[in-house]
Structure formats: C-alpha cells, structure tokens
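Note sheet for the following structure.
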There are 2 protein chains.
Amino acid sequence: MAIRSETARKTTREMADDGRPLYSRAKAAMFDRIRSGRWQPGQLIPSEAEIGRELGVSQGTVRKALDSLARERLVVRRQGKGTFVVEHTPEDVLFRFFQIYEDDGSRIIPGSVGVTARTMLADNRQRQRLDLPNGAHVIRIDRLRTRKNRPFMAETIVLPRARFQGLAERRDIPNTLYDLFQQRFGILVARADERLTAVAANKETARDLGLAPGSPLLRIDRVAYALDERPIEWRVSLVHLDGAHYTARLR
Amino acid sequence: MAIRSETARKTTREMADDGRPLYSRAKAAMFDRIRSGRWQPGQLIPSEAEIGRELGVSQGTVRKALDSLARERLVVRRQGKGTFVVEHTPEDVLFRFFQIYEDDGSRIIPGSVGVTARTMLADNRQRQRLDLPNGAHVIRIDRLRTRKNRPFMAETIVLPRARFQGLAERRDIPNTLYDLFQQRFGILVARADERLTAVAANKETARDLGLAPGSPLLRIDRVAYALDERPIEWRVSLVHLDGAHYTARLR
DNA sequence: CAGTGGTCTAGACCACGTG
DNA sequence: ACGTGGTCTAGACCACTGC
C-alpha cells in the first residue's frame, strides 16, 4: 500500500503545499485562472462548493479566498447569482482611475479631442518606465481632454507595442482606454501608481490649453500595471485646475 | 413561562436587532468602545472568546468583526499576544499621512522650523472646513517643513480650539502632530481627504522657500477626520517639489 | 505550559435571483 | 422550487508568545 500523507489532498501543482495556508493557495489558484484567461472577464465562475470540490478544500476556505479576491476587485460577488470575474466598463474605469473633481464635489466627465497615435522606437525613459528591452517599440497617443467642452488637460500615453498590436492603426480611439485594453487586448489594469508634481506650462501646452506660458499645471505621471504586475501604460497628464482638484483619501 | 424569541440574545442596547447582521452589530459595539475611550489606544482588548461571551455571539462572529476593524486600522492583531487598539507613533503617522517621496523612491523625513501658534476667531472658510458654529475659535499653526535641512514646504494648520485646549500655549510643538493629538488630546485621526492643485508661489511663500515668485507649487488642502467622523484639522501645504513628488496608488 | 489569534472544517439557516 | 452567496455557529488543530 502506498504511503499517503495524512493531510494529502489535491496533488495538482497549483495546490502543492508550499507552507502557505490553504486559502492562500486556493486564492493563487483562482487568481491564475483569471490571469491566464481560463476564467474570462465578465464570466460567471463555478460556485463555492464546486470550486471546493475541484481544489479539495472546504467551501469555507474557498469563501475566504474569494472574499479576498473581491476586496482586490478581481471578482464581483452577487448574492443569488454567483461570482463573476470583473469586467471594466467606461463608467467604473472613470470612477476608479480618474480622480479629478469639481471643487463643489461633482464629477468631471472628460471628453477627448485632437487624438493622434503613432508607433515609434522606445527611448530610454520610455523603456525604463515600461520595463522594455533595447529596441522595443511603443505606441504613443497624444490627446487633449476636455471639461465642459474646453481643453483643460494635455495627455501623452505610451504603450508597449508588443501587447497592443493594431491599436495605433485604429481610427477611433475611445475616451476611456482601460475598458478597451480589457475587451480588445485582454489586459486588465489592476492598479496604477501616480506621481504628482507642479510644473509651469511651456509654450506648446499653454497654447493647447489656452493659457499664458508659465501657468502652474498639475503634472500626473502614472504607470499602470496589469494582473501579472508588468507595467502596461505610462501616462503623463498636464492639468489646468481652475475650480477643480485632484482628490486623494488617506486611511 | 415567559415568551422568548427563538433568536433572543443580549438585550443590551448596543446589540439590539436593527436588521443588520450580527457581526456588523458586534463591530459597531467594539467601535464604540474605542471611540468612547473605554478601550484606550494601545490597550490589549479582551480575547475573541471573552468578547463573544460578553456580546452573546460566537467567537467566529467576533473574529469577523475584528478582522474588519483591523482592515480599517482601528485595531492591530498579534498572534499569540492578543488584539490591541491602534496607537499612533511618529513613524507610522508619517508613513500613513505624508505622501511625498524623493524621485528615487526613498522616504523624506521632514523637519519643522519657524513654528508659530496662535488662537483666533474662526473666519468663514475655517468654520466651513471644520464644521464649526459662528463665534468658534481656532488654533492656527504656521511652520516651514524642511527636507535635508532646507525649507521646501509652507504649512498652515487650523484646529478647533475647543478640542485642543492648551495646545496653542505649548512651547514645543512636535514635528508630527497626529501622535500628539492621540496621546495628549485623545483624538485619533481616522482618515484624511486631500485636494491637490498647482499654484504659483506668492511673494511671501517664495521668500520663505527661497524661490522666485510665480514658481509652481503643489498645494495640498487636507481635512482630517476623527473617529466620530468630525473634521479635526484643516491643513494647507504649499510644496516646492524639486526631485520629489506626491505619490498616490489607485486600485 | 496555558492563552492568544490563525486556519480549516462541517453544517444549518437566511436572503436574493431566476425559472 | 432551486441554486447562489451571506450569516452564524461549534469545534478541532496549528503557530506564536510569554510565564
């Protein structure tokens, strides 16, 4: 008779005992299904009991793992319906990743004008920001974003060409990009790190935004990361805040 | 024999059935012990089993409530030791509420110079920001904050006098205030909302920071809130960012 | 060693959504 | 009526801390 560990369960590689708690391994296993695309955005995933049987753990352990994934916004739980992989819509992308509000607290729904896109060899800074090898290409998108139909924000977006084949050739580049990333390129923006500084408007930006050169602008330098923790976008926004502000909550 | 509801448990006001789940009421009951000071900052609170007996719920339900309080940073859990009410130290206050970093990613440990404090009648804007009644007084603290011993940030802090009796008369106002608020005035800063804009330096600020007037500055307008959700501090910081930046993470 | 929080399980019942 | 996630309980064992 074969020797069998008392705590033997699923011998799959994904649930191998690496010293971490069971729920942590179950979470990693489910994360992997999402990252790999085996569970697609918007898809209903199996029930807790079903996943528990599949992974060889109890339903309560699956629940703990799913609750954690839900807190990280990778799944959405709906009582009576089931658990779904997140799907980015223009609305919730704006809500999560656009932090500029009117001073009265109301939302700004930005528009886009003057959008241009082109492919180019990545320069040193672009390669550094996007963690790209020498000789890699990038797609560069420039646009002005509007508030009440007036330009108030000049934006430069840099993407690794290899992961966005064909984007530069699209005629219509939409206002919110992250839902496009997810739905057309299978890339989910999981988080973004922003660095904010204040700069003086140069001549070109001042002209584009209808300001005097030297006007103070908020500069937002953002790197967005995909599920696999790889940088997927570098974006610099120069914002003229007149009766508006960037908002952050510290906890 | 008296009629008794099947689900009857503790009849205390704090655990009265208001339609919310048990763990939610248990959490509110424990939050109240912290807010009221019955459980003091830094104090070891009773064990999960003990609290469960006291509130008439199972240990697992207490655990769910405590996990939630721990995520909100109101308690700290230490395996083998127990659960403690959070206590603010200068280090973790700086870590949580000071978001300016060197561009190379290293922390800035700011100093303070030229600190002045005085009491005054609150003006309209101060009353509005701190939700104070007509005729209320405030303590106003002005200071310059230094980076590598050079001033880079001009700060104005406004506090409701009623909750900070005697602060204006202190000779030594420390560099980090929130741990002082907690330890001397019993006020725990639970969260802060920041509004960021870019402004041009006026003459006075330019002089204080050694800049040319008109230099772009990051303006951070912060309102900090106590556990009871009341605004407890209004702070405006004007920052000269040269090789440094404000950092925010979007999830 | 005893006491704490951390993990894991099993099972019951509830609330919600759909057929 | 049925299946889902949400709540709640009880109990077992583990890992860590301090006496």
Side-chain angles (χ1 to χ4, degrees), chain A residues 5-10 14-30 34 39 42-86, chain B residues 5-10 14-30 34 39 42-86:
Chain A
S5 161
E6 293 179 331
T7 55
R9 58 181 75 248
K10 286 288 173 184
E14 62 179 350
M15 289 295 287
D17 186 350
D18 59 358
R20 288 184 305 157
L22 261 186
Y23 72 84
S24 176
R25 283 175 273 156
K27 178 183 170 184
M30 292 190 281
I34 296 170
W39 287 349
Q43 183 187 325
L44 171 68
I45 70 174
S47 71
E48 297 176 350
E50 177 69 28
I51 295 170
R53 278 189 295 274
E54 193 186 334
L55 298 180
V57 302
S58 77
Q59 179 262 2
T61 298
V62 174
R63 161 172 293 270
K64 181 156 182 170
L66 281 174
D67 283 345
S68 176
L69 289 173
R71 277 196 299 275
E72 294 172 16
R73 311 224 216 188
L74 295 183
V75 300
V76 175
R77 321 199 72 185
R78 301 207 188 101
Q79 185 172 147
K81 301 181 82 170
T83 302
F84 300 78
V85 179
V86 293
Chain B
S5 160
E6 293 178 332
T7 56
R9 58 179 75 249
K10 286 288 174 184
E14 61 180 352
M15 289 297 286
D17 186 350
D18 59 359
R20 287 183 306 157
L22 261 187
Y23 71 84
S24 175
R25 283 175 273 156
K27 178 183 171 186
M30 292 190 280
I34 297 171
W39 287 349
Q43 183 186 325
L44 171 68
I45 70 173
S47 71
E48 296 175 350
E50 177 70 30
I51 295 170
R53 279 189 295 273
E54 194 188 332
L55 298 180
V57 303
S58 77
Q59 179 262 3
T61 298
V62 174
R63 160 173 295 269
K64 180 155 183 172
L66 281 173
D67 283 346
S68 176
L69 289 173
R71 277 196 300 275
E72 294 172 16
R73 311 225 218 184
L74 295 182
V75 300
V76 175
R77 319 200 72 184
R78 301 206 188 101
Q79 185 174 146
K81 301 179 83 169
T83 301
F84 300 80
V85 178
V86 27

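Protein chains get the first letters and strands the later ones, always in sequence-line order, with residue 1 at the start of each.
Rounded to whole angstrom, the span from the CZ atom of B:R53 across to the C1' atom of D:dA10 amounts to 14 Å. When the P atom of D:dA12 is taken as reference, atom CD of B:Q59 falls 13 Å away, rounded to whole Å. D:dC16 atom P lies 16 Å from atom CZ of B:R77, rounded to whole Å. Between the CG atom of A:D67 and the C1' atom of D:dT7 there is a distance of 12 Å, given to the nearest Å. Rounding to whole angstrom units, CZ of residue A:F84 and C1' of D:dG3 are separated by 12 Å. Between the P atom of C:dC14 and the OH atom of B:Y23 lies a distance of 17 Å, rounded to the nearest Å. Rounded to an integer number of Å, the gap from CD1 of B:I45 to C1' of C:dT4 is 12 Å. The CD-C1' distance, from A:E48 to C:dT9, rounds to 14 Å in whole Å.
Of the candidates C:dG5, D:dT4, C:dG6, C:dG5 carries the atom nearest the B:T83 side chain, counting heavy atoms from C-beta on. In this structure, of C:dC8, C:dG5, D:dC8, it is D:dC8 that holds the atom nearest to the side chain of B:L22. Taking every side-chain heavy atom of B:T61 into account, D:dT9 is the closest of D:dT9, C:dC8, D:dT7.
The side chain of A:S58 contributes no N or O atom lying less than 4.0 Å from OP1 or OP2 of C:dC8. Residue A:S47 places at least one side-chain N or O under 4.0 Å from the OP1 or OP2 atom of D:dT4. The phosphate of D:dT7 has OP1 or OP2 within less than 4.0 Å of a side-chain N or O from B:K64. OP1 or OP2 of C:dC16 has not a single side-chain nitrogen or oxygen of A:R78 nearer than 4.0 Å.
Put simply, the side chain of A:R25 gets close to the backbone of A:M15: a donor and an acceptor are under 3.5 Å apart.
Atom CD1 in B:I51 sits 12.5 Å away from atom OG1 in B:T61 (nearest 0.5 Å). Note that the NZ atom of A:K27 and the CZ atom of A:R20 stand 9.5 Å from one another [nearest 0.5 Å]. To the nearest 0.5 Å, atom CD1 of residue B:I45 and atom CD of residue B:E50 are 11.0 Å apart. Of the inter-residue distances, the one linking B:L69 atom CG with B:L74 atom CG reads 5.5 Å to the nearest 0.5 angstrom. If you take NZ on A:K64 and CD on A:E48, they are separated by 14.0 Å, rounding to the nearest 0.5 Å.
Residue A:R63 places a side-chain atom within donor-acceptor reach of the base of D:dG6, judged by atom type and a 3.5 Å distance cut-off alone.
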Anything under 3.5 Å between a protein N or O and an N or O of nucleotides 17-19 of chain D, put it in a table, one pair a line.
residue : atom : partner : partner atom : Å
D:dG18  : OP1  : B:K81   : NZ           : 3.4

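In terms of heavy atoms, A:W39 sits closest to A:P46 at CZ2-CD, 3.7 Å.
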